[in-house]
Amino acid sequence: MNLRETHTKFLKYLKDKDRANATIIAYAKDIDQLIEFVEAKGKPLPTEIEKDDLNGFIKKLEDE
């Protein structure tokens, strides 16, 4: 299962747990941005996010 599929399942989980729409929207946006960052590296979309990916994403957010 790739990250997009995992993302979809996670959002369904939040909906099934009756989480607030604002929470679901915020998580969805954050995860979308992370996936886009990983995709922009030109690598195939992995099944897991690596620590280096997270550190790079955080650095990008700090620089913006």
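Sequential numbering from 1 along the given sequence is applied to the chain's residues.
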Should [X] and [Y] count as side-chain neighbours, where that means a heavy-atom distance under 4.5 Å?
{"X": "K15", "Y": "R19", "result": "no"}
{"X": "T8", "Y": "K12", "result": "no"}
{"X": "L3", "Y": "L34", "result": "no"}

What heavy-atom pair brings [X] and [Y] nearest, and what distance separates the two atoms?
{"X": "L14", "Y": "Y27", "result": "CD1-CD2, 3.6 Å"}
{"X": "K60", "Y": "F37", "result": "CD-CD1, 3.5 Å"}
{"X": "I24", "Y": "L11", "result": "O-CD2, 4.0 Å"}
{"X": "F10", "Y": "I31", "result": "CD2-CD1, 3.7 Å"}

Checklist line | R4 and D32: CA distance, side-chain angles, deciding distance, side-chain contact (heavy atoms from CB on, under 4.5 Å) verdict | finding: CA-CA 9 Å; R4 292 242 178 245; D32 279 335; 3.7 Å; yes
Checklist line | Pairing of E50 and K41 as salt bridge, 4.0 angstrom limit | finding: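 Salt bridge between E50 and K41, a charged N being under 4.0 Å from a carboxylate O: no.
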Item checked: Salt bridge present between E5 and K9 (N-O < 4.0 angstrom) ->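 No.
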Checklist line | Joint cluster assignment, I35 & I58, ILVMFWY side-chain distance < 4.5 Å | finding: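 Shared cluster, no.
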Notebook entry, point to check: Sub-3.5 Å donor-acceptor pair from the side chain of T6 to the main-chain atoms of N2, do we have one?
Noted result: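 Confirmed, T6 side chain pairs with N2 backbone.
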